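Beneath this line is the structure, given in structure tokens, with notes to follow.
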Amino acid sequence: GKDRDEVLKRALKALRETTVLGVTTNVDYLGRIISHSDFAAGHIHTGFIPLHEADLKPPPLSRDQRDLLLAAAALSSRVFTDPAFFAPEPHASIGTWRN
């Protein structure tokens with residue numbers, strides 16, 4: 001870029017367009033750093049992250065997001081995926097009983 005502002009905009013755009021599957025990344029965290037007003041102004045130093053720790057935390061989840069994550073976690077539990085946890089068919093335990 002021709003100046004710091006253009007470089008920051010391009011870097012932020014690149015981070016927003018980055019997709020990584022299968023592993024956890026810090027792409028969102030880097031975006032929050034680049035978007036911070038002190039970083040954009042060039043006020044960076046070795047204490048930047050500890051100084052702005054509260055600003056760099058991710059926003060809290062909405063109630064809907066939290067509920068969706070809890071539902072996904074519950075559905076991935078062994079109780080829902082392991083056949084050993086399923087209740088047997090009610091008629092399967094009747095045995096040799098005949099009408």
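All values derive from a computational prediction rather than experimental measurement.
Among residues two or more places apart in sequence or in another chain, the side-chain contact (heavy atoms from CB on, under 4.5 Å) test is passed with E6 by K2, D3, R10. Taking N26 as the reference, nothing meets the side chain to side chain donor-acceptor pair (under 3.5 Å) condition, with sequence neighbours excluded. For E53, the salt bridge (charged side-chain N to carboxylate O under 4.0 Å, His left out) criterion is met by no residue, not counting sequence neighbours. Residues meeting the side-chain contact (heavy atoms from CB on, under 4.5 Å) test with D38, sequence neighbours left out: H36, H43, F48, H52. Residues passing the side-chain contact (heavy atoms from CB on, under 4.5 Å) test with Q65 are L61, S62, sequence neighbours excluded.
For the atom pair L8 CG and K13 NZ, the distance stands at 15.0 Å (nearest 0.5 Å).
Both I49 and F39 are assigned to one and the same hydrophobic cluster, defined by single-linkage of ILVMFWY side chains at heavy-atom distances under 4.5 Å.
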N/O donor-acceptor pairs under 3.5 Å from side chains in residues 28-35, not counting sequence neighbours:
residue: R32; atom: NE; partner: L56; partner atom: O; Å: 2.5
residue: R32; atom: NH2; partner: L56; partner atom: O; Å: 3.2
residue: S35; atom: OG; partner: G31; partner atom: O; Å: 2.8

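Between the side chain of R4 and the backbone N or O of A41, no donor-acceptor pair lies under 3.5 Å.
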